[in-house]
Chemist: 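First the structure, then my questions, so here it is.
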Number of protein chains: 2
Amino acid sequence: MLLRTNTPSSRPVDGHLAALAGERVFCSEFRYRRGTEVFGEGEETEYVYQIIAGAVRTYKLLSDGRRQINSFHLPGDMFGLENGAVHRFTAEAVVETRVRITRRRSLLETMQGRESGASSFLGLVTRNLQHAENHMLLLGRKTALERVAAFLLELDERLGHPRILVLPMSRRDIADYLGLTLETVSRACSTLRGQKMLKFEGATQRQIVLLDRKGLAEYDA
Amino acid sequence: MLLRTNTPSSRPVDGHLAALAGERVFCSEFRYRRGTEVFGEGEETEYVYQIIAGAVRTYKLLSDGRRQINSFHLPGDMFGLENGAVHRFTAEAVVETRVRITRRRSLLETMQGRESGASSFLGLVTRNLQHAENHMLLLGRKTALERVAAFLLELDERLGHPRILVLPMSRRDIADYLGLTLETVSRACSTLRGQKMLKFEGATQRQIVLLDRKGLAEYDA
DNA sequence: GAGCGAATTTGATCTGCAGCAACTTTAAGT
DNA sequence: ACTTAAAGTTGCTGCAGATCAAATTCGCTC
């Protein structure tokens, strides 16, 4: 009855659409400096993006500035493709980011031509929904430590279990993704370090080595 | 840039699929007593459901029993249609509920025959995703009072602004939907009543009259 | 590589909501 | 209608995480 609550890698679907990229559906390349807005909530959905290098955050704001980050997008991921005329959230480059861009229209036209088009679009939306469902459980019911552990495992999985996990985003970004404050995220990392579940590599707190993935996973479930 | 964060009515898409119902896609009818499981997380997605009367909750559980309700389904709503072989959450009748049932297979076959089929399926998934995105903002960043106000306005809108809002679900259900405890939900309702934003109608706390929708909406945004 | 602003950590304190308990009210089942 | 469990409210207390503050470290620019 119960399944893993963490999010599986998003490679498959993106790979599907990447096949289209191989046919030069993504015509032009573009760079965004760190902190730059890619598109804003309410703007027209004119372009679709695929990340070559870097990272992007998408978020919603409340009127007083409270921010909720829906998702982080990493190299290979597509974003900005929505079934609607306007974007439902804002997208910003977390770090210096390179993307491939195509017009939404031309992507949809290419898709219509082939059997797999509509279904790969549906697959993308479904994958986003699945991620959102798991994230609602995290935001509604998990403790701070459980959230941070889940976050680290999610990123670890999406990056293919590298020896060193390089976080492109700040503690504040992580906090706004997990529904916490940056101080609480920092404390949770320190706690996990104290429990020998992770360590920092080099002279930065953005490079993390997961020493005990099993232990971290137990904070989930 | 900022748009309404509350969820719009889900009638349009369901109406779309209801057209199929008119053609007897939904063959058989079924009843579930209050608290009965309609399907469980991990079970095969064999049937698709449309509510005639009553209400259904869909939720995920953590191993220690913490529960997060994704969504409530009301008369006219479809649920159980997922793009995958197994259900990603459990569905239960909140109250005595009557549903129309059809086999997933036959619905998908009927859809394939027509232009609108795939797109109305996509529309349904997109609508669920949109709801989830708004709900993540609520769960991650809103206060208890804001959450309860948003919940009441959501239900009010989905039921078409009735004079009396009849809640089919308990305070505990509401709490598990909003990421709170039932006591906090109860207190929030009392607070809003003290502020003359709502009142209870009749000899029950499940029938609510919204006295000040504008005021409630200000707890949002 | 020196200097400076931003990011992170850590400590101290505060607070909104959770947890527990007692009581009241409501509705389900006989 | 009666009975009895379930649901809801309210008060009290506790705590996880927020907030405020300060020190430290990091990374960027010149």
Side-chain angles (χ1 to χ4, degrees), chain A residues 33-35 57 62 64-68 94-96 138-149 151-152 166-194 198-208 219, chain B residues 33-36 54-55 57 62 64-68 93-96 138-149 151-152 166-194 198-208 219:
Chain A
R33 267 194 286 283
R34 55 181 265 118
R57 58 179 171 248
L62 292 175
D64 63 357
R66 281 173 287 174
R67 183 178 68 158
Q68 179 62 41
V94 173
V95 290
E96 172 92 11
L138 179 147
L139 293 171
R141 289 297 175 217
K142 290 188 184 176
T143 67
L145 220 45
E146 289 169 341
R147 295 180 199 207
V148 172
F151 170 75
L152 292 171
V166 180
L167 306 180
M169 70 290 285
S170 69
R171 297 291 188 257
R172 170 170 293 280
D173 283 336
I174 298 171
D176 285 351
Y177 178 62
L178 299 178
L180 301 169
T181 60
L182 65 94
E183 292 94 333
T184 298
V185 171
S186 178
R187 273 184 253 268
C189 287
S190 298
T191 301
L192 293 174
R193 188 180 44 170
L198 59 82
K199 67 176 181 184
F200 295 144
E201 184 79 15
T204 173
Q205 295 97 328
R206 297 270 189 111
Q207 299 190 5
I208 293 178
Y219 274 117
Chain B
R33 268 195 287 282
R34 55 180 268 121
T36 316
R57 59 178 170 248
L62 292 175
D64 62 358
R66 281 174 287 174
R67 182 178 69 156
Q68 178 61 42
V94 174
V95 292
E96 172 92 10
L138 180 147
L139 293 171
R141 289 296 175 219
K142 290 188 184 176
T143 66
L145 220 47
E146 289 169 342
R147 294 180 199 207
V148 172
F151 169 75
L152 293 171
V166 181
L167 306 180
M169 69 291 286
S170 69
R171 297 291 190 256
R172 171 170 292 280
D173 283 337
I174 299 172
D176 285 352
Y177 178 62
L178 299 178
L180 300 170
T181 61
L182 65 93
E183 292 95 332
T184 299
V185 171
S186 178
R187 275 183 254 269
C189 287
S190 298
T191 300
L192 292 174
R193 188 180 44 168
L198 59 82
K199 67 176 181 184
F200 295 145
E201 184 79 15
T204 173
Q205 295 96 326
R206 296 270 190 112
Q207 298 188 3
I208 293 178
Y219 275 116

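Just so you know, these numbers come straight off a predicted model, no measurement behind them.
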Chemist: Between Arg206(A) and dA6(C), is there a side-chain N or O to OP1/OP2 distance below 4.0 Å?
Modeler: no

Chemist: Nearest whole angstrom, please: distance from the C1' of dA7(C) to the CZ of Phe200(A).
Modeler: 12 Å

Chemist: Between Thr184(A) and dG17(D), does any side-chain N or O lie under 4.0 Å from OP1 or OP2?
Modeler: no

Chemist: Quick one: do Glu201(A) and Arg206(A) satisfy salt bridge (Lys or Arg N to Asp or Glu O under 4.0 Å)? Show the steps, please.
Modeler: CA-CA 8 Å; Glu201(A) 184 79 15; Arg206(A) 297 270 189 111; over 6 Å; no

Chemist: Of the options dA7(D), dT26(C), dT19(D), whose atoms approach the side-chain atoms of Arg34(B) most closely?
Modeler: dA7(D)

Chemist: Let me know the distance between CZ of Arg147(B) and C1' of dA18(C), rounded to the nearest Å.
Modeler: 13 Å

Chemist: Using a distance-only criterion (donor-acceptor N/O pair, under 3.5 Å, no hydrogens), is the base of dC20(C) paired with the side chain of Glu183(B)?
Modeler: yes

Chemist: On DNA chain D, check which nucleotide each of Leu182(B) and Gly179(A) is closest to and give me the residue with the more 5' one.
Modeler: Leu182(B)

Chemist: Please report, rounded to the nearest Å, how far the P atom of dT25(D) is from the CZ atom of Arg171(A).
Modeler: 15 Å

Chemist: If the cut-off is 4.0 Å, is Arg187(A) near the phosphate of dG17(D), judged by side-chain N/O to OP1 or OP2?
Modeler: no

Chemist: When the distance from CD of Glu201(B) to P of dT25(C) is rounded to whole Å, what number comes out?
Modeler: 18 Å

Chemist: Looking at CG of Leu167(B) and CZ of Phe151(B), how far apart are the two atoms once the value is rounded to the nearest 0.5 Å?
Modeler: 5.5 Å

Chemist: Rounded off to whole Å, could you give me the CG-to-P distance for the Leu167(B) and dG8(D) pair?
Modeler: 9 Å

Chemist: Between dG27(D), dC17(C), dA7(D), which nucleotide has the shortest distance from any of its atoms to the side chain of Thr204(A)?
Modeler: dG27(D)

Chemist: Within a reach of under 6.0 Å around CZ of Arg172(A), are more than 12 heavy atoms found that belong to other residues, nucleotides or ligands?
Modeler: no

Chemist: Hey, does the side-chain of Arg193(B) have a donor or acceptor N/O within less than 3.5 Å of a partner on the base of dG8(D)?
Modeler: no

Chemist: Please round to the nearest 0.5 Å and tell me the distance separating atom OH of Tyr177(B) and atom CZ of Arg147(B).
Modeler: 12.0 Å

Chemist: Between Asp176(B) and Arg141(A), is there a side-chain N and carboxylate O pair less than 4.0 Å apart?
Modeler: yes

Chemist: Can you measure Leu145(A) atom CG to dA18(D) atom P for me and round it to whole angstrom units?
Modeler: 13 Å

Chemist: Which nucleotide in the set dA7(C), dT9(D), dG17(D) lies at the smallest distance from any side-chain heavy atom of Thr143(A)?
Modeler: dG17(D)

Chemist: Would you kindly compare Val185(A) and Ser170(B) by the position of their nearest DNA chain D nucleotide and give the one closer to the 5′ end?
Modeler: Ser170(B)

Chemist: Roughly how many Å is it from CD in Gln205(B) to C1' in dT24(C), rounded to a whole number?
Modeler: 9 Å

Chemist: Rounded to the Å, how far apart are Ile174(B) CD1 and dA18(C) C1'?
Modeler: 18 Å

